Amino acid sequence: MVSEDSIGIATDLPWPQTPAQAIALQRELAGRVLRVDDVGSVRRVAGVDVGFPGGGQIARAAVAVLSFPDLRPVEQAVAELPVAFPYVPGLLSFRELPAVLAALAGLAELPDLLLVDGQGLAHPRRFGIACHLGVLTGLPTIGVAKTRLVGAHDPVPDRRGAWVPLHDRGEVIGAVLRSRVGVRPIYVSVGHRLSLERAVEWVMACTGRYRLPQTTRAAHALASTGA
DNA sequence: GCGACAG
DNA sequence: ATCTTGTCGC
């Protein structure tokens with residue numbers, strides 16, 4: 001029973017009710033992640049983030065769409081839904097994605113690329129929230145996290161744009177990127193339909209004078225204030 | 001058994 | 001994530 005809205009976002013999805021079901025679904029969907037570059041021309045880039053106003057019973061998702069490459073605000077959408085899944089490290093998407101999908105459905109036009117607040121492949125089962133959102137929407141996505149979930153890495157040179165690979169169990173799962181000199185690095189990983197190298201380039205192209213990309217900052221502001 | 005642990 | 005003011009440092 002899957003319904004779609006006018007711009008093609010499925011909203012009424014079957015959803016796991018327990019951590020065990022969620023993990024099984026991640027293992028199944030992880031095989032659908034595309035790591036090859038297939039982004040196309042990007043005119044609209046969006047930041048995606050979720051806040052929990054009040055006691056934390058409500059999830060408020062925000063999508064901030066910016067023009068590319070000038071990064072000017074062009075559209076935004078917010079959606080609030082009751083929280084239906086607890087926060088469990090590794091299962092973040094099951095808590096936040098329902099609200100995110102609702103917010104995306106409220107846009108007049110879909111973005112060409114999504115920067116998601118959280119991990120992509122840099123996840124225990126290689127299926128963080130950025131991968132999950134990419135697979136569900138079919139859109140190119142990138143995971144941009146402020147802290148590490150899994151993996152190890154060498155020190156990152158303190159130069160803007162420098163990055164080192166993030167390793168886990170013998171494979172490269174992401175990039176630890178110095179988006180700005182003198183600040184903690186950010187964790188970038190493939191979400192869907194692009195390579196790690198291109199993901200890092202897109203993130204840098206969306207980043208100005210701050211540690212986090214403009215897209216992420218705009219979405220965060222929207223998700224926490226609601227307007 | 002003792003830590004680590006996106007948001 | 002959220003609850004919260006001032007304060008240390010560049």
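Residue numbers start from 1 in every chain, and the chains themselves are labelled A, B, ... in the order their sequence lines are given, proteins ahead of strands. Only a predicted model underlies this, so the values are computations on that prediction, with no experimental measurement involved.
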For A:Leu97 versus A:His132, what's the shortest heavy-atom pair and its separation? CD1-CG, 3.4 Å
I need a per-nucleotide contact map over nucleotides 2-7 of chain B, read 5' to 3'. Cutoff is protein heavy atoms under 4.0 Å; write B for the base, S for backbone only, - otherwise. --SBBB
Categorize A:His132 for me: base, sugar-phosphate, or nothing, with a 4.0 angstrom heavy-atom threshold over every strand shown. nothing
Would the distance check show the side chain of [X] and the main-chain N or O of [Y] forming a donor-acceptor pair, the cut-off being under 3.5 Å?
{"X": "A:Asp112", "Y": "A:Arg43", "value": "yes"}
{"X": "A:Asp158", "Y": "A:Val181", "value": "no"}
{"X": "A:Arg126", "Y": "A:Gly120", "value": "no"}
{"X": "A:Arg44", "Y": "A:Glu109", "value": "yes"}

The reported gap from CG in A:Leu107 to CD in A:Gln76 (rounded to nearest 0.5 angstrom) is 10.0 Å
Short N/O separations, protein against nucleotides 4-8 of chain C, under 3.5 angstrom:
none

Answer with yes or no whether the side chains of A:Ser195 and A:Asp37 bring together a donor and an acceptor at under 3.5 Å. yes
Transitive ILVMFWY side-chain link A:Ile7 to A:Val78, under 4.5 Å: no
